[in-house]
Amino acid sequence: MTIRVLLADDQALLRGTFKILFDSTEDMEVVGEASDGHEAVELARAHRPDVVLMDIRMPGMDGLDATRAISEAEELAAVKVLILTTFENDEYVAEALRRGASGFLGKGAQPDELLDAVRTVAAGEALLSPAATRALITCFLAQPEPCAGAVHQQLACLTPRERDVMSLVALGLSNDDISERLFVSPLTVKTHVNRAMSKLSVRDRAQLVVIAYQCGLVNATTDRGPSPSPLSV
């Protein structure tokens with residue numbers, strides 16, 4: 001299937017460069033170009049792209065507000081937003097994810113990295129660059145630790161194994177990585193991820209990452225995931 005991409009950036013030259021890159025790739029095509037957030041939302045409604053490649057700093061409505069408008073529109077539930085920006089700081093990363101972005105990549109990425117990022121987001125996976133991941137962790141480290149009761153209440157709907165999988169998703173592991181860590185099949189991991197998203201009413205893995213940090217399910221000071229649960233999967 002061809003991945004349909006909408007470009008949202010106020011720099012016409014950059015949009016043109018991206019269009020050449022995507023249109024020359026067999027599995028992608030550019031369906032529209034927006035120079036500001038308002039236009040990005042309008043074109044998303046008109047074309048229903050698979051992925052919106054969104055800049056943050058644009059005149060008028062910026063990329064963060066446009067991301068929220070797209071993610072909150074029920075008719076655009078299938079549209080994913082990949083933030084591409086030079087500003088990979090903690091404030092932007094955390095806010096972009098809170099507003100519904102499915103991925104975050106720096107403009108210093110290589111062309112192949114950008115193409116892979118679009119494919120990743122289009123497939124429903126979360127995508128964070130290493131710098132964005134560090135920024136996200138820094139942001140949540142600065143927040144007060146949630147109380148145990150709050151954590152239990154928000155995640156009470158999940159099974160222990162779903163919590164295990166969710167915490168590993170938050171650490172940036174792929175389904176294949178998680179399957180190796182927990183000694184289950186990738187399909188089983190995908191099932192647990194989908195169930196967790198459904199129970200927590202989130203649209204993709206990126207939102208699971210946000211909840212995992214907000215609830216304290218993941219300890220942001222470590223990169224170690226949970227040990228395999230003895231429960232059946």
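In this text the structure is predicted, and so the values were computed from the model without any measurement.
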### Counterpart residues, salt bridge (charged side-chain N to carboxylate O under 4.0 Å, His left out), relative to D65 (two or more places apart)
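D65 satisfies salt bridge (charged side-chain N to carboxylate O under 4.0 Å, His left out) with R99 once adjacent residues are dropped.
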### Task
Could you list the residues that satisfy salt bridge (charged side-chain N to carboxylate O under 4.0 Å, His left out) with E72, not counting sequence neighbours?
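Counting only residues at least two positions away or on another chain, E72 forms a salt bridge (charged side-chain N to carboxylate O under 4.0 Å, His left out) with R68.
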Shortest non-hydrogen contact from [X] to [Y]?
X    : Y    : value
M54  : A66  : CE-CB, 3.7 Å
L200 : C157 : CD2-SG, 3.8 Å
A44  : L76  : O-CD2, 3.5 Å
L14  : D9   : CD2-OD2, 3.4 Å
M166 : L155 : CE-CD2, 4.2 Å
L82  : A117 : CD2-CB, 3.9 Å

Side chain [X], main chain [Y], donor-acceptor under 3.5 Å:
X    : Y    : answer
K80  : A122 : no
T25  : L21  : yes
S179 : D176 : yes
D23  : V30  : yes
T159 : E162 : yes
R48  : E75  : yes
D50  : R4   : yes

### Task
Decide yes or no on salt bridge (Lys or Arg N to Asp or Glu O under 4.0 Å) for D62 and R57, but give the supporting numbers first.
CA-CA 6 Å; D62 65 17; R57 291 193 172 182; over 6 Å; no
### Query
Step by step, would you call V169 with V193 a side-chain contact (heavy atoms from CB on, under 4.5 Å)?
CA-CA 8 Å; V169 167; V193 171; 4.0 Å; yes
Give, for atom [atom1] of [X] and atom [atom2] of [Y], the distance between the pair rounded to the nearest 0.5 Å.
X    : Y    : atom1 : atom2 : answer
F18  : K107 : CZ    : NZ    : 6.5 Å
L64  : I56  : CG    : CD1   : 5.0 Å
I178 : L168 : CD1   : CG    : 5.0 Å
T17  : F22  : OG1   : CZ    : 11.0 Å
L217 : I211 : CG    : CD1   : 10.5 Å
L53  : L105 : CG    : CG    : 8.5 Å

### Task
Ignoring hydrogens and angles, state whether a donor on the side chain of T188 or T191 is under 3.5 Å from an acceptor on the partner side chain.
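Distance-only check fails for T188 and T191.
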#### Entry: Pairing of D164 and R181 as salt bridge, 4.0 angstrom limit
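No, D164 and R181 are not salt-bridged.
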Taking the side chain as C-beta and beyond, is there a heavy-atom pair between [X] and [Y] under 4.5 Å?
X    : Y    : answer
E29  : V5   : no
R119 : I3   : yes
V189 : L182 : no
D27  : T2   : no

### Partner of D55 by side chain to side chain contact (heavy atoms under 4.5 Å, CB included), out of D10, L84, L7
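Testing D55 for a side chain to side chain contact (heavy atoms under 4.5 Å, CB included) against D10, L84, L7 leaves exactly one candidate, D10.
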Which atom pairs, donor and acceptor, lie under 3.5 Å between side-chain atoms of residues 31-39 and protein residues at least two apart or in another chain?
unit_1, atom_1, unit_2, atom_2, d
E33, OE1, R15, NE, 3.2
S35, OG, E39, OE1, 3.0
D36, OD1, H38, N, 3.2
D36, OD1, E39, N, 2.8
E39, OE1, S35, N, 3.0

